[in-house]
Amino acid sequence: MLRNTKSTKVKIAFVSDKYHWSSYSVVRSLYEELSKYCEVVYVWEDIIPDDVELILLVGANSKTMNPKCPVVRIGLSDPNLYSYKQSIDCDLRVTNDYRISTMTNDWYMPCFADKNYFKKLDVEKETDILFVGVKHHPYIQNRAEIVSKLRKQGLEIKTFGHNWNEGFIEGDRLVEEYNKAHLCLDLTNDTTALGSRIFQSSMCGTPVITKNRKDVLQLFNENEEIFIYEDFADLVNYLEYLKQMPDRVLRIGKRARQRCLKEHDVSTRVKGLLEHINDKGLLRPIRITK
């Protein structure tokens, strides 16, 4: 557990827009979790109090001019919005992308979910396959095509997000839809970061099927906590097979939730982040007790 007494609490400026705040986004969870250990002031751009001891820039668009204390930038949209200039214009850069971390000095902090919001609910399963995400993604441009082809194969897929017929959902409705699904489909490729839906759905006890990627397999055990497919034909076969194996899907979902609660909750990420900032000497030491 991380502790600071009230009289010595470190003061941090949290610079970010409120990205998907009502959807329980990683930005919101980071802010709320950090607030347990530090005095965190939420600001936008350069309206930063003089007495802060650290500036935390969260997201690619966050910025500050003429900082008077150490600056940590957290890249939440790597590798697509990665900027080398932003990487060197700070005292520490944190990346959510494994590949970026292997090629730079950035510290790796994978995506996560928040157990305070994403929970296992006592609701009936009624959705075969769920996809949550923008339909026309700038870096994953074949989502609509894949969903259409899967439906033509007779697979029932419920889609939520911008430009889908079912529309955008957020908050408790989002959590409920994860819980009502047997399986969550993650449509990604090799050029973008891991989606938060992998962790959110798993935290709700609904397992995910996603493309084979090295970073996924570092965070979940294949066929024990997550399902992995190689290509479209493999995806079709796997989805048809899993429809006939509801007990197995439930077991994988239970294990996925246990893994997320243990290793992929925001509390684990924030503890690791503050430990790393301590090690770098960027703040007055925050006392950490196990």
Side-chain angles (χ1 to χ4, degrees), residues 20 23 111 113 118 120-121 123 125-170 173-213 215-217 219-257 259-260 264:
H20 283 192
S23 295
C111 197
F118 295 96
K120 185 78 174 70
L121 304 179
V123 296
K125 296 287 187 181
E126 61 180 46
T127 303
D128 283 351
I129 304 165
L130 174 71
F131 175 76
V132 178
V134 62
K135 183 176 183 179
H136 304 300
H137 194 286
Y139 303 107
I140 312 168
Q141 299 179 357
N142 61 346
R143 282 178 171 173
E145 177 187 359
I146 291 175
V147 169
S148 177
K149 290 169 67 176
L150 289 173
R151 285 171 171 163
K152 289 178 180 177
Q153 295 285 332
L155 294 161
E156 296 182 9
I157 304 176
K158 196 172 186 179
T159 53
F160 290 103
H162 291 299
N163 300 124
W164 296 108
N165 290 339
E166 293 86 347
F168 179 78
I169 56 172
E170 59 188 4
R173 173 81 189 283
L174 174 63
V175 177
E176 183 180 3
E177 290 295 339
Y178 277 133
N179 274 271
K180 287 159 61 174
H182 289 280
L183 187 67
C184 179
L185 173 62
D186 180 46
L187 295 175
T188 187
N189 56 36
D190 295 321
T191 69
T192 191
L194 290 181
S196 57
R197 75 183 65 82
I198 294 177
F199 303 88
Q200 293 172 353
S201 183
S202 295
M203 188 77 83
C204 292
T206 297
V208 176
I209 181 166
T210 188
K211 193 174 187 299
N212 188 2
R213 289 174 38 154
D215 47 2
V216 173
L217 297 178
L219 301 169
F220 294 92
N221 292 320
E222 181 180 3
N223 294 324
E224 294 181 14
E225 300 158 342
I226 200 166
F227 300 112
I228 301 295
Y229 69 89
E230 300 290 343
D231 53 29
F232 180 77
D234 189 35
L235 175 60
V236 172
N237 291 335
Y238 216 154
L239 291 175
E240 290 178 341
Y241 165 75
L242 292 175
K243 281 182 64 176
Q244 311 303 319
M245 303 291 289
D247 291 343
R248 183 185 179 198
V249 172
L250 284 173
R251 286 196 304 271
I252 298 299
K254 182 177 180 179
R255 292 172 187 163
R257 173 169 164 75
R259 181 70 180 267
C260 283
H264 303 319

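From a predicted model like this one, the values you see are computed outputs, not experimental measurements.
At least one donor-acceptor pair under 3.5 Å links the side chain of S202 to the backbone N or O of I198. Proximity of a side-chain donor or acceptor of T159 to a complementary backbone N or O of F131 within less than 3.5 Å is not detected. No side-chain donor-acceptor contact under 3.5 Å links W164 to the backbone of V132.
Side-chain contact between V249 and P207: present, with at least one pair of heavy atoms (C-beta onward) separated by less than 4.5 Å. Between R248 and F227, the closest side-chain pair of non-hydrogen atoms falls below 4.5 Å. Between Q141 and N189, the closest side-chain pair of non-hydrogen atoms is not below 4.5 Å. Counting heavy atoms from C-beta on, the side chains of L217 and N212 come closer than 4.5 Å.
Evaluation of the side chain to side chain donor-acceptor pair (under 3.5 Å) rule for R197 yields D186 as partners, not counting sequence neighbours. Taking K149 as the reference, nothing meets the side chain to side chain donor-acceptor pair (under 3.5 Å) condition, with sequence neighbours excluded.
Two rings, from F160 and Y178, have their centers 6.0 Å or more apart.
In this structure, CG in L183 is found 9.0 Å from CG in D128, a value given to the nearest 0.5 Å. Rounding to the nearest 0.5 Å gives a distance of 10.5 Å between CG of L174 and CD of E176. Taken from CD1 in I252 to CZ in R255, the straight-line distance is 5.0 Å, to the nearest 0.5 Å. With values rounded to the nearest 0.5 angstrom, I140 atom CD1 is found 4.5 Å from T192 atom OG1. Interatomic distance, CD of E222 versus CD1 of I228, reported as 5.5 Å (0.5 Å rounding). Distance NE2/H182 to CG/L250: 8.0 Å, rounded to 0.5 Å.
Ionic pairing of E177 and K180 is present here: one or more N-O contacts between side-chain nitrogen and carboxylate oxygen are shorter than 4.0 angstrom.
Heavy-atom minimum distance, K135 versus N163: CD-O, 3.4 Å. When all heavy atoms of I169 and S23 are compared, the closest pair comes out as O-OG, 4.2 Å.
F220 and H264 have tilted rings, their planes meeting at an angle from 30° to 60° on a 0 to 90° scale.
For CG of D231, the number of neighbouring non-hydrogen atoms (other residues, nucleotides, ligands) closer than 6.0 Å is greater than 12.
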